[in-house]
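Here is the structure we will look at, set down as structure tokens.
Everything numeric in this text was worked out from a predicted model, so none of it was measured. Proteins come first, then strands; the chains are lettered A, B, ... in the order of their sequence lines, and each starts at number 1.
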There are 2 protein chains.
Amino acid sequence: MAKIRVYVGQNLDKGIKLISGEAIEKKTVIIIGNCRIQYEGRGVSRLDWGERIIMIKSDGSLLVHRPFGYLPVNWQPETSTIHIFSRGEYLCVKAVRSKPRERVFIELKDIDMIVVSELEDNAQFIEYLSEAEIRDFLASHPEIIEKGLRTISVEKNIEPGFIDLYCVDEKDRIVVVEIKRHTATVNAVKQLSTYINALRREYGPNRNIRGILVAPSITKNAHELLVKLGMEYRRIDLKAIYEKIGRTIVRDKSKSILEYIE
Amino acid sequence: MAKIRVYVGQNLDKGIKLISGEAIEKKTVIIIGNCRIQYEGRGVSRLDWGERIIMIKSDGSLLVHRPFGYLPVNWQPETSTIHIFSRGEYLCVKAVRSKPRERVFIELKDIDMIVVSELEDNAQFIEYLSEAEIRDFLASHPEIIEKGLRTISVEKNIEPGFIDLYCVDEKDRIVVVEIKRHTATVNAVKQLSTYINALRREYGPNRNIRGILVAPSITKNAHELLVKLGMEYRRIDLKAIYEKIGRTIVRDKSKSILEYIE
DNA sequence: GTCTCTATTTCGTGG
DNA sequence: CCACGAAGTAGAGAC
């Protein structure tokens, strides 16, 4: 079980003393209370009094959550230094970051609860179906994109940027493959076009160079532009790739994992 | 003061019953405990047992925070439906979203604390120095960009997209202004170049059309490309703009607000 | 440190 | 609802 100290009601003063004095090393602090907030740095923001949840982690990251919305209303990433101190009637939390130079300044006028916890969490976060994983899988199974396609290099660096897959087709034409793990937009088409133009400059007009955009879907505008520029689209099915890579971990058996992919 | 109920130690069962039975309407729930998590949807992830903080808001948003890092390790935005229920030894939290189809499934084997709160927060979040604000300010003060510059239109829609400022200079040449509120990259240069090419096609080769990229800074590659394409860079100072727009709210007087901008 | 690109990006806005 | 671009985007990887 985690070490947790809860300060509420009569004990709040003790909690305030604890978090404002002692360094909160290795501890995660949650404060619930009525506060106002100012942020200055890359932008400037102001938020007047309201009841919110403040989370301060031992690495210096700070989050302020309102009772709605997925995103924190104010925050500071982990490179910050955090000071907690009393000023007049208010408990103040000040998180300053030097690069970029910015600060979050919180004043609390009412505190409902303080939780100081020491959490142990050493598990490794494992992700599947990232763009890198899909790219590497397609690199070793280029026939999924097109029969007879062979991969020459992965993440090939040419001047304008990195080509996901640099391949040749059955007729030995160069094929530039751009992979998107979700809906391809006009930007993706432009990106692919840039690569192809660069290669055409390099190889001259006699070398036939093809461009294939691989994605589970593509926007209408993107597809029009793609066709206009003489390039091609290949749909991939993330579900099928996931099956082929072969995962077996399913804990919640109420629904198949594959129902949720793409 | 906010309405807060804390369940810890002996009371945990009561808390579990509360959050798994009743709809948690208008309430924000925090659970601290040892859990494992699976996510499936746009991607797939697994996280084995560890002590974490789970936050569930009344709008259906879900966040799981590890004791480190600014970002939640797993989450679900506010369009989700959330079910809390017991299965065997575990308390389960299941958040499902339909568009895109995805789910987060959490199993808790030890719970340290449950907090159920009703937070009141109606304050308006106010942001300054957004790209829109900077753009509108420069639109009405184009002389900051260049002496004699006049704004013709803001957010002008031409085929490839929207031009931030469409101006004419002292010599009545068309000037396309692209504004970035931080470091301009090669993409910004390409964007500007696209607009200018479109206008050149429209107005023919005799009309002189200039492009100005306005940003607090620019990357080396971007600047090289800009010069190569015959366009110009103007540095803007966010601090100066903020001063000119004229803000006065400064609560924490220990440091001037302007120290923290840009 | 600078620059570029991805992200379970999220979020807004305009068509 | 789809498409596209901004964000205090954050974070990773290459150079």
*Distance, rounded to the nearest Å, where B:Asn221 contributes CG and C:dT4 contributes C1'*: 9 Å
*With a non-hydrogen cut-off below 4.0 angstrom, is B:Glu78 in contact with a base, only sugar-phosphate, or nothing?*
sugar-phosphate
*Between A:Lys94 and A:Glu107, is the closest basic N to carboxylate O distance under 4.0 Å?*
no
_On the nucleotide C:dT9, are OP1 or OP2 found under 4.0 Å from the side-chain N or O atoms that A:Arg181 carries?_
yes
*Have a look at B:Val44 and say if it touches a base, only the backbone sugar-phosphate, or nothing, with a 4.0 Å heavy-atom cut-off.*
nothing
*Under 4.0 angstrom between A:His182 side-chain N/O and C:dT6 OP1 or OP2*: no
*Looking at D:dG8, does its base get a donor-acceptor pair with the side chain of A:Gln76 below 3.5 Å?*
yes
_Of B:Gly69 and A:Ala222, the one whose closest DNA chain D nucleotide lies more 5'_ = A:Ala222
*Hey, does the side chain of B:Arg42 come within less than 4.0 Å of C:dT10's phosphate (OP1/OP2), counting only N and O?*
yes
*Using whole Å, report how far CG of A:Leu71 lies from P of D:dA6.*
18 Å
*Identify, between B:Tyr70 and A:Thr183, the residue whose nearest nucleotide on DNA chain D lies closer to the 5' end.*
A:Thr183
*So does A:Ser130 get a side-chain nitrogen or oxygen closer than 4.0 Å to the phosphate oxygens (OP1/OP2) of C:dA7?*
no
*Just how far, in rounded Å, is C1' of D:dA6 from CD of B:Glu127?*
11 Å
*Does B:Trp75 place a side-chain N or O at less than 4.0 Å from the phosphate oxygens OP1/OP2 of C:dT9?*
no
*Indicate, yes or no, whether a donor-acceptor pair under 3.5 Å links the base of C:dT8 to the side chain of B:Asn74.*
yes
*Counting any heavy atom closer than 4.0 Å, what does A:Glu131 reach on the DNA or RNA strands: base, sugar-phosphate only, or nothing?*
sugar-phosphate
_salt bridge (charged side-chain N to carboxylate O under 4.0 Å, His left out) contacts in which one or both residues fall within residues 57-72 of chain B, not counting sequence neighbours_ = A:Asp121-B:Arg66
*Go through the steps for B:Thr219 and B:Thr185 under the test side-chain hydrogen bond (donor to acceptor under 3.5 Å, both in side chains), then give the verdict.*
CA-CA 6 Å; B:Thr219 68; B:Thr185 65; over 6 Å; no
*asked:* At 4.0 Å (heavy atoms only), tell me whether A:Pro77 reaches a base, stays on the sugar-phosphate, or touches nothing.
replied: base
